Amino acid sequence: MWLWLCALPLVFVVPLVSDACFTEERIALLQISDSLRGMSTMGWLDTDDCCSWESVTCSNDTRRVSSLQLSLNGVPPEPESDPCSVKLNSTVFSAFPELQFLDFSMNHVLFQGSDGLVGLSKLRHLDLSYNCFDASFMESLGKLVPLEVLHLESTAMVGALPASVFENFRDMKDLDLSNNQLTGNLPASLFTLPRIEHLNVSRNLFEGISWSSTSGLVGLSKLRYVDLSYNCFNASYMESLRKLVSLEVLHLEFTAMVGALPASVFENLRDLKELDLSNNQLTGNLPVSLFTLPRIEHLNVSQNLFEGSIPWSSRSNISSSLRMLDISMNKLSGNFSFLWLRNLRNLEKIDLSGNVDLAIGVNFPGWTPPFQLKELLLSGCDIDKTIFAQPHFLRTQNYLEVLDLSNNSLSGSFPSWLFAPQSTLVYLNLRNNLLSGSLDHIKSTQTNLLAISLSSNNISGHLPANISSIFPNAAFLDFSGNTISGEIPSDLCNISSLEYLDLSYNNLSGELPSCLFADHPILKTLKLSNNKLGGPILGGKSHLSIRWEIYLDGNNFEGELPRYLTGNFEFQGTMDFHGNKLSGKLNVSLWFLPNLGTLNLASNSLTGELDPSICSLTSINLLDISNNNISGSLPNCNNPLALLFLNMSGNLLSGDVAPHAFFSNATVTALDLSYNQFTGNIDWIQTLGTVRYISLGRNKFNGQISPKLCVLQYLRIIDLSDNQLSGSLPPCIGDLSFQGTSSGLPYWALPCGRGFQYPAFRYTSCYEQSGFRFFTKYNLYTYRRNFIDLFFGFDFSYNKLSGEIPPELGHLTNLKALNLSHNNFVGKIPESLANMSEIESLDLSHNELSGAIPRQLSHLSSLAVFSVAYNNLSGCVPDVGQLSSFNMTSFEGNRDLREASPGSDCTAGSSPDGPSPWQPGSKEAKDPALYAVGAASFVLSFWITVGFIFCHSYGQRMVLKL
C-alpha cells in the first residue's frame, strides 16, 4: 500500500515530461511548412512528436527544439520572377526559446520583422542566406549577443552597414555578408571582434574601411580567413593587413586595387596558405616576399600589370607546400625554367599564360619532375617550340587533366600521342597554332575528355566516321578554322552529352545530318558557318531541338525556308542563315519560335512582299533581311517589334515609313533601310530615342530635315545621302552630344549571358552584328565590334539641301567624317569647322560655296580626305598645314581660286587682283595674248618715263637734284 502511494506522484509527473514535443513548437513548424513554396513535410504529419521529425533536433532534457536545419526546403523561384515573393513573419520563431542552431538558408522568402529572432537568447548559429531583407534587419540582429556564426550571403541587402551592429558580437567567430549590395565603408567595429576567425564580405559595393588607426587589427589574433574580393579598395589597405599574423586565407581579387604592391605586407604573414590578388591593376615588380611564404599552397596574382622578371631562380627557397601557382595575364618578361620547380613535390597547377615576353623552358632531357601536374596552362607565352616535337616534359606528366598550349604558333604534326588509351585529359586547348595532320590518327577512346579546341590550326583530312567512339562524353568540340573536308558524320548525334559543336571555316561539304537539328536536345550551340554545305536548310526538319544558336551562314543551302517550324530555344535564341542560296517568300505564319531573338537571312534570294506574319516574332531583337529581293511596303504590326537592330537594306521595299508601325521606336539602336525605294518625309526619325546608327541612303525620301532630329542625343552615325531632301540644315545638329555607352549596348553585339567556362578556355554566347556600313574617304567601310562607340559620322550628300552651312557644326569636335557634297549650299565655309579637331574626312564639293578657304582649316591635323571642288571659291589655297598635303583635285572647279606660290603676294583670303586666275594643272597663266599685252605695256611705260625725265621741266629739275 505504501509502495503504491509512493508511486502515485509519478503517475502525475510522467505526462509533464512526455516524449512528445511542445504543442506551440509543433504548430510553429507547421506554419513554417505552409509558408514555404512546396516544402515537403518530410513525414511531419505521421506523428505529433515534432522532435522525431526530420531536420528537427530537440534537447534530451527539456524536449524543446534546439536545432532546425531547414535549408533548401522551398521551391526555387523562376529565373524571371520575384526571388522573394513569399513572405514569412519572423515572430514564428519566437516559439523556440531554446533554439541554438537555425539554418534557414536558400528558401527565398522575404522576412518581415525581426522580433521573433531577437528573443532567441540561446541562439549560437544563424544562417539566413539566400533569403531577403534589407540592411536595417542587421541592426536588430545586433541584439543577438551570443551569436557565434552569422551567415547572410545573398540576402538582397542594400545600403550601408550600421556600425553599431557588431559592437555586441563579442563571441562572433564566423561572419558571412557576401554577395549583397552593401555600400560605404566597412565599419571599424567589424575589425574589433576579439574571437572572429572567418570574415567574408565579398561581392558587395564597399569602398573602404572606416578606421582612424590600424591598431585595432592587432587584437585579431584568431582571424584565419578574410575575403574582401569584388569590392573597391586601394592598395594602401594592404599595409594594414600585415598585422593579421594568424591569417591563412586572403582573397583580394577584383578589388580595383591600383599601384605597386607593398612588399612588406607578406613578411609577417608566415601562416598564409592561400593568397588571391588577381584581376586588379597592380603594377611594378612582383615582391620577392610572395615567393618566400613558408606555408603558401595557392598563389594567384593573375590579370594584373606586373612587369619585369619573376623573382625566382634555382636558388630560391620556395615552399614545398605550393600546389597552385597562377601568374598569368601580366607583363612579365625574362626567363622561367621548369627546373626551378624541382623541389615542389605537391605542385598540381601552374598557369603562366598571357605573358608574351616570358621565355619558358620546359624540355630538359633526362629530368623527371617530382610533381605530377593536373593543370598546365601556358597559352600565349614564349614557350619552348619543341614541346610537342620533343615532349620530354609532357610525357612525364601522367595525370594531366587540363592542358592549354593555345596561341603559341606551335608547328609540326598534331600530337595524336596525347590521346593515348591511358590519357587523363579532361580539357584540352590547342587553338591558334600551326599544327597539321588529321584527326583520323586518334584511335583510342577518350573517356575522360569533356572539352577540346583545335580551332585555327592546319588540321586536314576528314572527321572520324566513328567520332562518338573517340569522344563519347564530350560536351564541347571546336574544330573550326582548319581545312577539314568531306561530309559531317551522322555519328556526331550519338554523342549524347554534346552541348557545343563548332565546325565553321572548314571545307566540309554535302548535306547535314538532320539529327543534329531535331534529335539532340542537349545541344545548345551549332556552328557550321563558311563551309561548302548544301541541300535544304535545317536538313528539311520542321522542329528544332537546339537550345541556343544555329549558325549555317556562308554555305550553299538552297530552296525555301521551312513552311512549318517549331523550336525550344531558351531566352534569345539565334538563327543565322545569311549568305546562302535560299529563295521564295519570307512567310513565318506557321512558325512557333517564341524565344527567337536573332534572325539573319541576309544575302540570299528571297522574293515577294514582307508577310505580316513577321509581326508574330515578338521576342526578336535582331532582324537582318538585307541584300535580297523583297518588295512592297513595311507591314503594320498591332504590337511593333521591339527590335534593337533592323537591317533591310539592299531590297526593293517602297512606300512611307510609318512610325510605331513595324518596329518599336523606343528600342531600335541601329536602323539600316538604305538602297531601297522608300518615299515620304523623315520626320519619324525624331522618335527613335535610343538610336545610334541610321542609314537611309539611296532611297526617295523627300521633305526637310526637321530640327527635332537634334533630340537624338545618342546618335553617332547618320546617312541620309542620295535622297531628295531639301531646305536648310538645322543648326542644332552642331549640339548633338554623342552621349556615351549608357544607352543601348556597350558593344555592337546583342546581350551576352550564356556560355561555357572551362579551366582551359571559355566561350560566351554572343551574337555579334555584322557591323555597320558608312561611306567615307571615298570608300564604303564596314565597322565592327565596339567601333560604334568610337566613330561619329554624318553624310547628307547628294540631296537638294540649301542655305548656308551652319557654323554650329564646328561644335562637333568628335566628328570623324562630314559629307555635305552635291547639294546647293551657299555662302562662305564657316571658320568654325576648324574646331572639328578629330575630323578625318571633310567633303564640301559640288555646292555653290563662295569666298575664301578659311586658313584655320590647315590646323586639322587628322584630316586625310578633303574636297571643296566645284564651288565658287576665290582667293588662294592655304599653302601651310594639312591643306598643303592635298593634290589639285581637292580644289578644282573653282574659277576664281588660285594657288599660293613662293614669292607671290597671294595669301589665303585675298582677292584675285592679278590677271591670271589659278586653274588646276598650271603654276602660271599660259595664254600667249596675255604675254603680248604685258610686253607692249612694259615698252610703252619705259619710253613715257624717259620722255618725262628729259623733256619735261619738272623731270629735268629732279635729275639735277640727284
Side-chain angles (χ1 to χ4, degrees), residues 25 28-29 31-33 35-37 39-40 42 53-58 65-77 83-84 86-157 161 165-166 168-182 190 193 195-204 224-227 249:
E25 294 187 334
L29 286 170
Q31 288 177 345
I32 293 172
S33 175
S35 297
L36 297 180
R37 283 173 288 211
M39 174 180 175
S40 172
M42 299 172 290
W53 292 354
E54 186 176 348
S55 303
V56 179
T57 303
C58 294
V65 173
S66 60
S67 173
L68 291 176
Q69 300 189 43
L70 302 179
S71 175
L72 197 59
N73 279 303
V75 175
C84 293
V86 176
K87 299 177 181 179
L88 180 66
N89 197 313
S90 70
T91 55
V92 70
F93 293 101
S94 62
F96 310 108
E98 295 190 15
L99 192 63
Q100 299 179 30
F101 184 102
L102 174 58
D103 184 354
F104 200 75
S105 61
M106 303 186 73
N107 284 309
H108 307 283
V109 303
L110 174 61
F111 273 84
Q112 293 182 313
S114 57
D115 295 340
L117 293 171
V118 170
L120 303 179
S121 59
K122 297 185 178 182
L123 194 61
R124 298 289 187 273
H125 183 115
L126 178 61
D127 190 347
L128 301 179
S129 301
Y130 294 92
N131 291 286
C132 294
F133 43 80
D134 56 30
S136 62
F137 189 82
M138 279 289 298
E139 198 156 7
S140 302
L141 293 182
K143 300 176 182 179
L144 294 173
V145 177
L147 272 181
E148 297 178 0
V149 176
L150 177 59
H151 287 186
L152 300 176
E153 176 190 0
S154 300
T155 50
M157 289 192 295
L161 272 179
V165 171
F166 308 102
N168 296 326
F169 287 156
R170 313 310 293 173
D171 293 329
M172 184 65 67
K173 298 178 180 179
D174 186 345
L175 179 61
D176 189 341
L177 305 176
S178 63
N179 202 27
N180 288 288
Q181 297 184 51
L182 298 170
L190 196 61
L193 303 176
R195 302 184 64 188
I196 191 73
E197 298 177 5
H198 186 288
L199 176 62
N200 188 351
V201 294
S202 64
R203 298 181 183 273
N204 279 286
R224 302 284 188 271
Y225 181 103
V226 174
D227 191 345
V249 177

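Note that the numbering runs from 1 along the sequence shown for the chain. As the structure is a computational prediction, the values presented were derived from the model and not from experiment.
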Is there a donor-acceptor pair closer than 3.5 Å between any side-chain N or O of S178 and the backbone N or O of S202?
no
Output for pair (N107 CG, L88 CG), nearest 0.5 Å, gives 9.0 Å
In terms of heavy-atom contacts, T155 and L128 come closest through CG2-O, 3.4 Å
Nearest heavy-atom approach of N131 to V109 is OD1-N, 3.1 Å
Rounding to 0.5 Å, atoms CG (L193) and CG (L175) come to a distance of 7.5 Å
The side-chain hydrogen bond (donor to acceptor under 3.5 Å, both in side chains) partners of E148 (sequence neighbours excluded) come to none
- Between S35 (side chain) and Q31 (backbone), is there a donor-acceptor pair under 3.5 Å? yes
*Flag yes if more than 12 heavy atoms outside Q112 fall under 6.0 Å of its CD atom; otherwise flag no.*
yes
Looking at side-chain heavy atoms only, is the closest gap between L182 and V201 below 4.5 Å?
-> no
In this structure, CG of L68 is separated from CH2 of W53 (nearest 0.5 Å) by 11.0 Å
In short, H198 meets I196 closest at the heavy-atom pair O-CD1, 3.5 Å
dist M172:CE -> R170:CZ (nearest 0.5 Å) comes out at 11.5 Å
*asked:* Using the rule given for side-chain hydrogen bond (donor to acceptor under 3.5 Å, both in side chains), can you reason through E197 versus Y225, listing the C-alpha separation, both sets of side-chain angles and the distance that settles it, and then say yes or no?
replied: CA-CA 6 Å; E197 298 177 5; Y225 181 103; over 6 Å; no
Between V149 and the options D176, D174, L123, D171, the side chain to side chain contact (heavy atoms under 4.5 Å, CB included) test singles out D174
| Heavy-atom donor-acceptor pair, S66 side chain to T57 backbone, under 3.5 Å | yes
Rounded to the nearest 0.5 Å, the CZ atom of R224 sits from the NZ atom of K173 at a distance of 11.5 Å
Smallest heavy-atom separation, F169 atom then L150 atom, equals CE1-CD2, 4.2 Å
Residues N180 and L152: closest non-hydrogen pair is ND2-O, 3.1 Å
May I have the list of side-chain donor-acceptor pairs in residues 115-122 shorter than 3.5 Å, sequence neighbours left out?
none

On a heavy-atom basis, the closest approach of L147 and H125 is CD2-N, 4.1 Å
Pairs of donor and acceptor atoms involving the side chains of residues 92-104, under 3.5 Å and at least two apart or interchain, shall be tabulated with distances.
{"residue": "S94", "atom": "OG", "partner": "T91", "partner atom": "O", "Å": "2.5"}
{"residue": "E98", "atom": "OE1", "partner": "T62", "partner atom": "OG1", "Å": "2.9"}
{"residue": "D103", "atom": "OD1", "partner": "S105", "partner atom": "N", "Å": "3.1"}
{"residue": "D103", "atom": "OD1", "partner": "S105", "partner atom": "OG", "Å": "2.8"}

OG (S154) and NE2 (H108) are apart, to the nearest 0.5 Å, by 9.0 Å
